Amino acid sequence: MLPRTLLSPLSPFLFLASCLAGCGEERVVYDRLDASAWGSGCTDPGIPDGGLGYVTNSLMNSVAVLDLGAGTVRATHPIGVGPLAENGPHHLAVDLARSVLYSPLSFPAAAIPAGPHAEHGSSDTPGIFVKRSLCDFRLLGQVDVDPNPGDMVLSADGRTAYVSHFDLRRAQANVGDPERQKSNLIVIDTATMTRTATIPVCVAAHGMVVSSDGRTVFMACYGDDALGVVSLDGPRPTVRLVYIGGSPPRSTTSPSYGPYSLALSPDGASVWLGCAVANVLIAYDVASGTLDESRLTRRLPGKAWFPGFSPDGSTMVVPTQGRDSVTRLSTGPGLALRDQRYFTPEECTLPHQVAYGPDGLYYLVCEGRHTSDPARSQPGSILALHPDDLRTVRSFPVGVFPDAIVFAGGGSR
Amino acid sequence: MRSAVALALALLLPACADTELRLPASAEGAAIAQNPGSSRSRYNVFACTTCHAVRPSEVGARLLPGAPLEGAARRASFWGGETVHLHEAVERCWTFFMRGTPTDLDGRTGEALYAWLESLSPDGSTAGAQPVAQTYPRVVRPLGDGDATRAQAVWTRACANCHGAIGTGAGRLGPLISIVPGDTQREHCDEVLPSGYADRTTYVRTVVVEKVRHGSFLGYAGSMPPFSVEALSDADVRDLTMLFRCP
């Protein structure tokens, strides 16, 4: 310690030194960006007068955008969020008012289909429900759903999305435990992209529609040979199964009818179930809450997939696979056959969905030849069919395994 | 005396005040890009610059899984075309490899990173703006025997940066990084041999091929980024696998 006699005269200088030692620090301050980070998003999706069609390429992780008026493929946008994996975008929905597109990504059993680790790959990979800008397809949100998401629909106000799960694995893994075999209907708040309800409905549900009043969701219950009627009109959702044959199938993993696709008639009075095992369609009368046996089709040339309706609902065009074709039927009692057109592989391979477009043409999704090995797959196509005779008006080449088409603009509903 | 001290204090104290150094947001982004701690995950060992050279001239002899970052802000697509949005491309690295929280990229961290990437692509510059070819084969098969004398060289250029020295792991980025080839052989040489493989060594070498090509995207382990065919050729991978052998 310094002697007091020395400390006293030095104290001002010691004070000064201590002051200087702790001062003069350089503080780094970073500027903020003027513009929003990651660039500014566009706001106008640029829908042309003729409208656009959006088609999932489920084995290419992308969505093709069709310019219906110009008859061209305007763009193809990546939609997946899982790197290096098949993301499996199957179905989709567009909310033009909010300029967004939704799709549940259904990752296949093994994310990587071959190689020594493929068998480690979880076949329970959760699906992901994504929300993307219709304008530039940037990711606006995502939320996990169950494995094997199938179909999706939006409520009329666009605030709620419903996702079904065609979860055959769950059905097979829980044979003997009917409750655990059931797949969930997942309800999503599209503003927050959060799940608001998980409702066990039936075995391997796939196609679905929502009633125009938004109070009821109808689901094709593949394993149960039934229509699932989910009422959302109360404090808790209730589920009712309406069996096609009048009773449950003997085996939920080997159904007799296998209802897979679903379509709501334009007037909302009927729900049509397309059966992939029995090759038939049958109507459900919404008012009476029963299946209408008088509107059970004859056996069609192949598996019956998603039909499209004429604007007045008097006829429907049904795509079938097995013998690749489209069949036009009246929707009233008798279900009179109006037209039938068979396709060569060059014209259309594996017809999957028919939708009535905003330009008055029927649009047919042809899956093309697809396998898990992209090198051995061939692209599919979208055919625009004339409403008079179902002849091909034009064809849009799209990607591998197109699965669904929806429309925006051009007067589409 | 007292007046002299007072005068000195009066003169010096203003200089004593802290100074403020203003830097552009891009400078903060550069610092974030070089700091593995940026992701805030205690398990992360990667910085952006672990896998990416800033400019092509800085790659040197290294074989890096990521493309140079110069021009990235102007590129039309990333990840071999899997995304067309820079934010999504960065988010993939941030979450899958760096174990970061996606929402961080929506805040100050993302803002600074973006500013830095923008600064690497000044207006008018087209350097690095072309999308980078990156092919990740979905199907992985045995590559056959390679040149064992080249294995060490490939290791040094492609693997040593993260895994350290062969056999000991000396210099690896962190304790969770596997020590090669020992850890790999220990994990896989005793597995039940899947059908289609002639012997265990062939199997383990194919495991390595798959790890190199698919990185952590196998659904069960790790944070390793994948190497595209363009980043590391099949010939190099074939030679690299000669380091692995089962008894």
Side-chain angles (χ1 to χ4, degrees), chain A residues 9 11-13 15-16 19-39 41 61-62 75 77-87 107 110-125 132-133 136-139 142 372-375, chain B residues 1-2 5-6 8-9 12-13 15-25 27-28 73 77 79 81-88 90-92 96 105-108 110-115 118 136 138-141 188 194 197 203-204 206-207 209-211 213-215 217-220 226:
Chain A
S11 56
F13 298 100
F15 169 75
L16 187 60
C19 170
L20 289 175
C23 76
E25 284 186 5
E26 190 172 73
R27 195 163 60 91
V28 175
V29 177
Y30 294 106
D31 290 337
R32 303 301 298 258
L33 280 180
D34 290 335
S36 61
W38 308 109
N61 299 343
S62 63
H77 297 281
I79 191 174
V81 294
L84 276 60
E86 297 293 2
N87 283 229
F107 295 86
I112 306 295
H117 283 158
E119 61 200 297
H120 293 299
S122 168
S123 56
D124 284 333
T125 306
R132 287 187 177 272
S133 162
D136 61 2
F137 272 72
R138 73 178 50 217
L139 187 65
Q142 64 182 65
S372 59
D373 182 356
Chain B
M1 176 70 177
R2 283 187 180 168
V5 170
L9 279 172
L12 288 170
L13 281 178
C16 189
D18 287 355
T19 56
E20 191 175 273
L21 178 62
R22 294 201 71 85
L23 293 175
E28 185 180 14
S77 67
W79 281 78
E82 284 193 358
T83 180
V84 295
H85 297 290
L86 180 62
H87 182 279
E88 287 181 37
V90 173
E91 186 180 301
R92 288 181 174 194
F96 289 113
L105 295 179
D106 297 327
R108 172 103 203 175
E111 189 179 295
L113 269 177
Y114 181 73
E118 275 267 273
Y136 303 97
R138 296 269 166 86
V139 180
V140 167
R141 296 192 172 89
H188 296 288
Y197 292 92
Y203 171 66
V204 167
T206 312
V207 167
V209 177
E210 186 169 55
K211 191 70 181 175
R213 289 288 178 239
H214 298 154
F217 302 120
L218 296 168
Y220 81 99

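We name chains A, B, ... by the order of the sequence lines, and we start the count at 1 in each one. Everything quoted here is computed from the prediction, not taken from an experiment.
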Could you tell me which non-hydrogen atom of [X] sits nearest to which non-hydrogen atom of [Y], and how far apart they are?
X      : Y       : value
Y30(A) : E28(B)  : CE2-N, 3.2 Å
N61(A) : R138(B) : ND2-NH2, 3.9 Å
G81(B) : P78(A)  : O-CG, 3.4 Å

Query raised in the report: Under 3.5 Å, side chain of E82(B) to main-chain N/O of L84(A), donor-acceptor pair present?
Result: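 Side chain of E82(B) to backbone of L84(A), a donor-acceptor pair under 3.5 Å: yes, one is there.
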
Query - Evaluation steps, side-chain contact (heavy atoms from CB on, under 4.5 Å), between D136(A) and H85(B) - result: CA-CA 9 Å; D136(A) 61 2; H85(B) 297 290; 3.9 Å; yes

Query raised in the report: Considering residues, nucleotides and ligands other than R22(B), do more than 12 of their heavy atoms fall under 6.0 Å from its CZ?
Result: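 Atom CZ in R22(B) is packed in, count exceeds 12.
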
Report task. Against chain A, label V90(B) side chain, backbone, both or neither, depending on which of its atoms sit under 4.5 Å from a heavy atom there. Result ->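 Side chain of V90(B) only, per the 4.5 Å heavy-atom cut-off to chain A.
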
**Report entry** Segment of E20(B) engaging chain A (4.5 angstrom heavy-atom cut-off)
**Finding:**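 Both the backbone and the side chain of E20(B) come within 4.5 Å of chain A.
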
Report task. Count the heavy-atom pairs under 4.5 Å between each of A25(B), S77(B), A73(B) and chain A, then report the option with the highest count. Result ->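 Among the listed options, the one with the most contacts to chain A is A25(B).
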
